[in-house]
Amino acid sequence: MIRPLRTLGLLRAAALVLLGLIGAGSLAQSSAPTAPAARGATDRYFGVSVDDPYRHFEAKADPEVLKWMKSHDEHARSSLAQIPGRAALLESLTRYDALVTDRVTQVRRVPGELYFMRRRGPTDSQSRLVMRQGLSGKEKVLLDPQALELRTRKPHTINWFSPSPDGSLVAFGMSKQGSETAVMSILNTRGGRTLGAPIQQVDAGGADWSPDGKALVFNRRHTVSKGALNLQTVSTIQTYLLKIGAPVTSARPVFGSAIKGLDIGPLDVPSVDLTHDGRWAIGRTVNGQERELGLFLAPQRSLLSGQPQWKRIAGAADGVTSVASFGNTLYMVSHKGTSRSRVLALNLDAPQLQTAKEVFAESDQLVIGVVAASDALYIETRDGNVKRLYKRAHAAGSAAVAAVEVALPVQGTFELAGVGGVSADPRLPGLVVELQSWTRARQVFALSADGRVRNTGLQPAGPYDALADVVATEVKVRSHDGAMVPMSIFHRKGVALDGRNPTILTGYASHGITAEPFFNGGRLAWLDAGGVFAVANPRGSGVYGSDWQRGGFQTSKPNSWKDFIACAEYLIAEKFTQPSKLGIIGNSAGAILVGRAMTERPELFGAVIASAGLLDALRFETGANGAPRTTEFGTTRTEVGFKALLAMSTYANIKNATAYPAVLFTHAVGDPRVEVWQTTKTAARLMVATTSAKPVLLRLDFDAGVGNGKSQRLEERADMYAFLLWQMGAAGFQH
């Protein structure tokens, strides 16, 4: 079965932290701990000197640095706790969060009408792994990470799972304290006991079973020395084969850079899918956080023997971004020679890419992904911000078989190519798919082979699942060079367009990831405060395909924040808000947007929130996860790359004696994707540079990585909303 690599799914997940705003009044900034003295580090790139006054912050375990971090975190939390309306916001967020009795995600269906899923109750801090026989059957709890949390006093999370073909076994990854890499175990679903010893450092997204359930392939991460890449550390991933019942020490690499003769680089992320008919092993690689895949093919028998006979069938230059297999056909979404992609079908008995036949042509809709069920190929497209689903019966690669659109009950978004959005199996007809929109909560639907779509009832409905009193509007904003930037705006009905509404603008605009319509009950607390929410898709996102992505990529990256600034100006011109009541939020690579918008136009915003932000672009590639990002942003090892990174670095573009908006920085100290010093260095520099007397707060989480439990997320969201409303001068949030 073809499944996506974890990187883009995780990035999606990171891309849409739509949580806060900022404004007017301020706590006494004099009460804050002072920034440490700069130590004057200077780098020279291609004849250009660049100051890095807080380079020593990169040693986060240094006692002096750690003391400074903790003192500023304590100050930030104390300041946020003193905001009068903060406690009421947390109560409201908690109430909305509890209105849905359960949250069901990652529904997986296997033959025999077995359903696996993650389920979290309203009082649970983490999701359980459960199984049920049939949609109306009784559920069995297979794994409850909260039991581990009670014993260890450390949060644990199930961050992936993969059931065997008959559902008798399930492999799962469990991580603690927010780490993305996990400890893998194999659980007997009937007896409830684990098989063998756990395996450390197993990555999400790479596990698949042989058709007989007697072998498992999975991805394992290793940290190696810097070597020729001139980096501090390099994290490599290899795909391993494990025979069920054999000692874990017998697992051996079968795909990845460790396999000689494949021309796979150490930064390429591999995965292997084993076709359900037992004929083929399909290997995929992706470089860092790019979308384009390298594709390899081997007889499945050779891989299971430990001697895979791989043959490359596509490289990154072929523009393949999604694949699915059925029988002897490999379906591929490719943007080579197109802007909005098309679907090709390749006969695996003669896997020369030039012989692939087009089965779904390019159109004005963007083709995103494909999955295969026993009855048909299902094709995911985007029409503006709305997703559409097409069904094409399997045939021998003939374009004469027409694809027909499937009528969906919700006009919004779904995900065929993600770990949490769909269940498709080439052994079973139809799909299980999650649907949602800005104003409709996620529900789980079953699509049968005859085209009927029905609600499975797996996701209990809540009282606010359909927001009749919320208006969602799609607009296009003219940017600096005439490009039309799509933006979604939503608010309660009756909100006056008088320029006085507290407003959040957010976006991501990197790696071709699009901010799609999704429901978030936590936003209701913001709307209750009279707030407006706006989500932009500047260049760098994939809303219009590869051309739009490349328009905000490396040297063209300034288009991303200029598009974002244009969206901010639109919200002001159309009287949704005014600068003092406009807050911007960015997470991870989305912080490039908000950081550079702030440094370029500080007068345009009342407040800024940067969460786990990529803020020091000139230094990101020195980190453990930095090298894979060079394909998206560039590298300082070339003059062109250096200039691109200098332009997009918030840290390098902070100017002394400048009146900056209020800023809240948040970051988990153990974040494995973006090092915490990206945030601490930038916060320190901004504290010294700003003359506005508005607060610069640094909220750090010392007990979490990239993933947090529910209570941690609600506390952070309450802090963000309260900070924004406080700084916007909202009644009830002032001292």
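If you read the sequence from its start, that first residue is 1, and numbering goes on from there.
Side-chain atoms of W548 come within 3.5 Å of backbone N or O of N537 as a donor-acceptor pair. Put simply, the side chain of D268 gets close to the backbone of G265: a donor and an acceptor are under 3.5 Å apart. Judged by distance alone, with hydrogens and angles left aside, the side-chain atoms of D62 form a donor-acceptor pair with the main-chain N or O of E64 at under 3.5 Å. Q554 places a side-chain N or O within 3.5 Å of a backbone atom of T631 that can act as its donor or acceptor partner. For the pair N219 (side chain) and P270 (backbone), a donor-acceptor distance under 3.5 Å is present. Not one N or O on the side chain of S649 forms a donor-acceptor pair closer than 3.5 Å with the backbone of L646. Between the side chain of T658 and the main chain of N656, a donor-acceptor pair closer than 3.5 Å is present. Counting only distance, with no hydrogens or angles, the side chain of N587 and the backbone of G590 share no donor-acceptor pair below 3.5 Å. Judged by distance alone, the side chain of S611 and the main-chain N or O of I585 form no donor-acceptor pair under 3.5 Å.
Two residues are said to be in side-chain contact when any heavy atoms from C-beta on lie closer than 4.5 Å; L614 and S588 fail this criterion. Within the 4.5 Å cutoff, the side chain of L645 has heavy atoms near those of the M648 side chain. By the 4.5 Å heavy-atom criterion applied to side chains, L353 and M332 are counted as neighbours. Residues L686 and F665 meet the side-chain proximity criterion, which asks for heavy atoms closer than 4.5 Å. By the 4.5 Å heavy-atom criterion applied to side chains, H511 and R629 are counted as neighbours. Under the 4.5 Å side-chain criterion, counting only non-hydrogen atoms from C-beta, K60 is in contact with V669. At least one side-chain heavy atom of L505 sits under 4.5 Å from a side-chain heavy atom of F564. A heavy-atom distance below 4.5 Å is found between the side chains of T636 and L618.
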Using residues 480-488 as the side-chain source, report each donor-acceptor pair under 3.5 Å to any protein atom, sequence neighbours left out, with the distance given to one decimal.
unit_1, atom_1, unit_2, atom_2, d
H480, NE2, N559, OD1, 2.8
D481, OD1, A483, N, 3.3
D481, OD1, R539, NH2, 2.9
D481, OD2, R539, NH1, 2.8
D481, OD2, R539, NH2, 3.4
S488, OG, N385, ND2, 2.9
S488, OG, W438, NE1, 3.3
S488, OG, E474, OE1, 2.7
S488, OG, E474, OE2, 3.0

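Side chains of Q578 and S580: a donor-acceptor N/O pair is present below 3.5 angstrom, by distance only. No side-chain N or O of H335 forms a donor-acceptor pair with one of E362 less than 3.5 Å apart. Inspection of the D547 and S339 side chains reveals an N or O donor paired with an N or O acceptor under 3.5 Å. Of the N and O atoms on the side chains of T650 and T599, not one donor lies less than 3.5 Å from an acceptor on the other residue.
Between Q200 atom CD and R221 atom CZ the span is 14.0 Å, to the nearest 0.5 Å. Distance CD1/I513 to OH/Y508: 4.5 Å, rounded to 0.5 Å. Atom CD1 of I237 is separated from atom OG of S257 by 10.0 Å, given to the nearest 0.5 angstrom. If you take OG1 on T679 and CZ on R699, they are separated by 12.5 Å, rounding to the nearest 0.5 Å. Going from atom OG1 of T503 over to atom CD1 of I572 covers 9.0 Å, rounded to the nearest 0.5 Å. Rounded to the nearest 0.5 angstrom, S541 OG and E516 CD are separated by 10.0 Å.
For E74, the salt bridge (charged side-chain N to carboxylate O under 4.0 Å, His left out) criterion is met by no residue, not counting sequence neighbours. Residues passing the ring-ring contact (aromatic ring centres under 6.0 Å, His included) test with W310 are F255, sequence neighbours excluded.
No cation-pi contact links K557 to F633, judged by a cut-off of 6.0 Å to the six-membered ring centre and 45° from its axis. Y651 carries R685 over the face of its six-membered ring, with the cationic atom under 6.0 Å from the centre and within 45° of the normal.
Taking the six-membered ring for Trp and thresholds of 30 and 60 degrees, H72 and H75 have ring planes more than 60 degrees apart, a perpendicular arrangement. Classified by interplanar angle (parallel below 30°, tilted 30° to 60°, perpendicular above 60°), the ring pair Y54/H56 is tilted.
Heavy atoms only, all atoms of each residue included: S479 and D563 are closest at OG-OD1, 2.5 Å. Residue G545 comes nearest to L366 through the heavy atom pair CA-CD1, 3.5 Å, listed as atom of the first residue, atom of the second, then distance. Between T630 and F620 the shortest heavy-atom distance is N-CE1, 4.1 Å. L66 and F702 get closest at one heavy-atom pair: CD1-CE2, 3.9 Å. Nearest heavy-atom pair across I654 and A689 is CG2-CB, 3.5 Å. The shortest heavy-atom contact between S341 and V367 is O-CG2, 3.5 Å.
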Item to check | side-chain contact (heavy atoms from CB on, under 4.5 Å) between T555 and V640, intermediate numbers included | outcome: CA-CA 7 Å; T555 57; V640 170; 3.4 Å; yes
Next on the checklist: Using the rule given for side-chain contact (heavy atoms from CB on, under 4.5 Å), can you reason through T285 versus V269, listing the C-alpha separation, both sets of side-chain angles and the distance that settles it, and then say yes or no?
Outcome noted: CA-CA 5 Å; T285 61; V269 179; over 6 Å; no
Next on the checklist: Please evaluate residues D73 and R77 with respect to the criterion side-chain contact (heavy atoms from CB on, under 4.5 Å), reporting the C-alpha separation (whole Å), side-chain torsions for both, the decisive distance (0.1 Å), and the verdict.
Outcome noted: CA-CA 6 Å; D73 173 59; R77 291 177 186 269; 2.8 Å; yes
Next on the checklist: With side-chain contact (heavy atoms from CB on, under 4.5 Å) as the criterion, how do V696 and Y660 come out once you've worked through the C-alpha distance, each side chain's angles and the decisive distance to 0.1 Å?
Outcome noted: CA-CA 9 Å; V696 177; Y660 287 107; over 6 Å; no
Next on the checklist: For K681 and E58: C-alpha separation, side-chain torsions, deciding distance, then whether salt bridge (charged side-chain N to carboxylate O under 4.0 Å, His left out) applies.
Outcome noted: CA-CA 8 Å; K681 290 172 66 176; E58 295 179 14; 2.8 Å; yes
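Here E603 pairs with R601 in a salt bridge; the nearest charged N to carboxylate O distance falls below 4.0 Å. We find that D616 and R619 are not joined by a salt bridge, their nearest charged nitrogen and carboxylate oxygen being 4.0 Å or further apart.
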